[in-house]
Participant: 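I am attaching a structure below and will ask some questions about it afterwards.
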Amino acid sequence: MAGWQASRIDDPVSRLRFLRRSVGDRRIWDPRTEPGRAFLRKARGPLALALGFLILIPAGTMTSAGRIWRRGPVVTAQASEKGPETIDQVWQVEQNREFETYSNGLRIERRFETGNEPRRYFVYPRGAEDSGARQERGAPAGIVFHTTESQLADFREDQTGRIRLLGEALLEFVRRERAYHYLIDRFGRVWRVVKESDAANHAGHSVWADARWTYVNLNRSFIGVSVETVTQAGSDRPEATAAQIHSLRVLTAMLRARHGIAARNCVTHAQVSVNPANMRAGYHYDWAANFPYPAVGLPDNYGLASPGLWLFGFNYDQALVNVTGQPFWKGLLLGEEQLRQDATAQGMSVTAYRQALAERYRRILSSLKQEEETSKEKASDQAKEKQG
Ligand SMILES: [Zn+2]
């Protein structure tokens with residue numbers, strides 16, 4: 001009901017205030033009953049471990065890996081809107097088969113490191129996504145933050161063995177599924193799983209945009225970083241320990257320095273996730289609230305208008321707004337507001353404009369699917385030739 005009434009309030013700030021009042025601080029969400037989440041149960045030895053929900057969209061094959069390693073302050077390509085954005089210098093200090101260390105104190109564990117298909121993807125000019133002027137890239141454009149939603153033991157000294165066992169089983173699962181590039185365990189240790197030069201199956205159907213470019217399906221374009229934690233039942237809040245937050249900060253700084261990643265391209269899974277089947281945003285909602293943006297050294301990106309809404313006409317479910325935190329639906333409301341303004345500027349009704357955007361999205365999605373099929377066929381033909 002809140003949404004129905006709010007839709008009649010034109011000013012976005014008043015609407016946001018209204019929604020905050022009417023939804024209040026209700027926290028009724030049990031992630032285990034959410035239809036958007038698939039839970040995977042794996043028996044391991046005497047323990048039955050419930051391991052994280054992971055969207056696993058099969059990735060196609062691409063040709064070569066691109067890698068950029070920039071030293072020194074980096075001015076990002078998306079710096080135009082608010083003046084140049086500088087990124088702190090972070091460099092590698094030490095590297096061996098077990099671990100890497102960096103100048104900002106970051107240490108990366110490598111014992112579970114593995115490869116996947118090389119990272120190649122297309123970016124689309126923002127607002128003219130189907131103009132044919134897309135570009136192919138190989139370097140990561142952003143970071144998507146996740147939670148594992150896996151089984152957790154109590155965080156107490158006498159549970160150390162169990163915490164470690166669960167963490168290792170999770171790492172094995174993530175490696176097998178190529179599910180994330182990085183995993184930050186309960187003790188704040190940073191594990192590289194999928195190499196940065198490769199794609200990982202972390203974001204599924206997803207959409208994001210910066211000042212110039214639109215990204216569709218971020219498995220290939222964004223780096224997936226997951227925190228071993230769960231959203232508490234009855235709460236919209238995943239908890240991260242101080243050690244995990246510190247690791248998020250130093251890892252994010254290193255990745256931004258290495259790849260020249262703009263701050264506004266560092267966002268949570270909830271902010272990018274979409275469901276093409278019903279054209280709704282927020283299919284997965286890990287970190288829908290409570291991602292510690294300032295503590296991670298990033299601006300509060302919850303304040304960015306959701307690109308799924310204003311670029312491709314996605315809608316959102318009122319139930320989602322009711323159960324997720326305010327920061328998340330601020331982005332949805334701003335996205336909706338942007339959509340209205342753009343429709344007016346185009347002299348179209350919101351409904352007609354939304355439909356046109358959704359058609360544009362479907363065209364891009366079907367061309368992506370076709371290319372994936374073609375590259376899979378090519379790969380299997382090549383494999384057959386080798387055998388023959
Ligand atoms: Zn996720």
Side-chain angles (χ1 to χ4, degrees), residues 29-40 50-59 116 140-152 170-171 173-186 190-194 199-208 215-232 235-240 244 247-248 251-252 255 265-276 280-293 296 298 301-302 306-308 314 316 320 323-325 327-328 331-332:
W29 171 44
D30 177 355
R32 274 145 230 278
T33 61
E34 265 315 307
R37 301 191 171 234
F39 280 85
L40 291 149
L51 294 180
F53 83 97
L54 301 155
I55 317 181
L56 305 166
I57 302 293
N116 199 15
I143 302 171
V144 175
F145 299 106
H146 302 261
T147 56
T148 58
E149 298 297 321
S150 50
Q151 188 186 335
L152 303 185
L170 178 64
L171 276 162
F173 175 78
V174 170
R175 176 169 63 183
R176 194 166 59 241
E177 302 294 341
R178 312 299 197 255
Y180 305 113
H181 294 90
Y182 286 98
L183 183 90
I184 298 175
D185 75 13
R186 305 278 316 278
V190 179
W191 298 85
R192 181 183 294 128
V193 183
V194 178
N201 308 313
H202 65 101
H205 287 297
S206 44
V207 172
W208 193 247
Y215 307 91
V216 179
N217 292 356
L218 311 181
N219 281 349
R220 298 180 166 281
S221 46
F222 280 48
I223 292 173
V225 172
S226 195
V227 178
E228 186 181 1
T229 186
V230 298
T231 303
Q232 300 300 326
S235 160
D236 56 20
R237 305 195 164 200
E239 303 295 339
Q244 287 175 326
S247 291
L248 277 169
L251 176 61
T252 300
L255 292 173
N265 282 353
C266 302
V267 287
T268 72
H269 196 186
Q271 290 174 277
V272 303
S273 173
V274 293
N275 181 2
R280 277 183 177 157
Y283 181 66
H284 281 253
Y285 37 105
D286 34 338
W287 291 122
N290 213 34
F291 186 77
Y293 275 115
V296 174
L298 291 167
N301 284 342
Y302 281 128
S306 169
F314 278 88
Y316 60 89
L320 175 70
V323 296
T324 54
F328 177 55
L332 295 175

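Every number for a ligand or one of its atoms is a count from 1 in the order of the listing.
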Participant: Using side-chain contact (heavy atoms from CB on, under 4.5 Å), reason through Asn275 and His205 one step at a time and then give a plain yes or no.
Facilitator: CA-CA 7 Å; Asn275 181 2; His205 287 297; 5.9 Å; no
Participant: When you measure from the Zn ion (ligand 1) to each N, O or S atom of His146, which atom gives the shortest distance?
Facilitator: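 Sorting the N, O and S atoms of His146 by distance to the Zn ion (ligand 1) puts ND1 first.
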Participant: Do any N/O/S atoms of His269 come under 2.8 Å of the Zn ion (ligand 1)?
Facilitator: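 An N, O or S atom of His269 is closer than 2.8 Å to the Zn ion (ligand 1), so yes.
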Participant: Quick one: do Tyr316 and Arg280 satisfy side-chain hydrogen bond (donor to acceptor under 3.5 Å, both in side chains)? Show the steps, please.
Facilitator: CA-CA 5 Å; Tyr316 60 89; Arg280 277 183 177 157; over 6 Å; no
Participant: State the atom name: nearest N, O or S atom of Asp286 to the Zn ion (ligand 1).
Facilitator: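 Looking at Asp286, the N, O or S atom with the least distance to the Zn ion (ligand 1) is OD2.
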Participant: Within 2.8 Å of the Zn ion (ligand 1), is there any N, O or S atom belonging to His284?
Facilitator: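 Under 2.8 Å: His284 has no N, O or S contact with the Zn ion (ligand 1).
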Participant: So does Gly224 get a backbone contact from the side chain of His181, meaning a donor-acceptor N/O pair under 3.5 Å?
Facilitator: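 At least one qualifying donor-acceptor pair exists.
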Participant: Pick from Tyr302, Trp287, Phe291: which one makes a ring pair (Phe, Tyr, Trp, His ring centres under 6.0 Å) with Phe145?
Facilitator: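 Checked Tyr302, Trp287, Phe291 against Phe145; only one passes ring pair (Phe, Tyr, Trp, His ring centres under 6.0 Å): Phe291.
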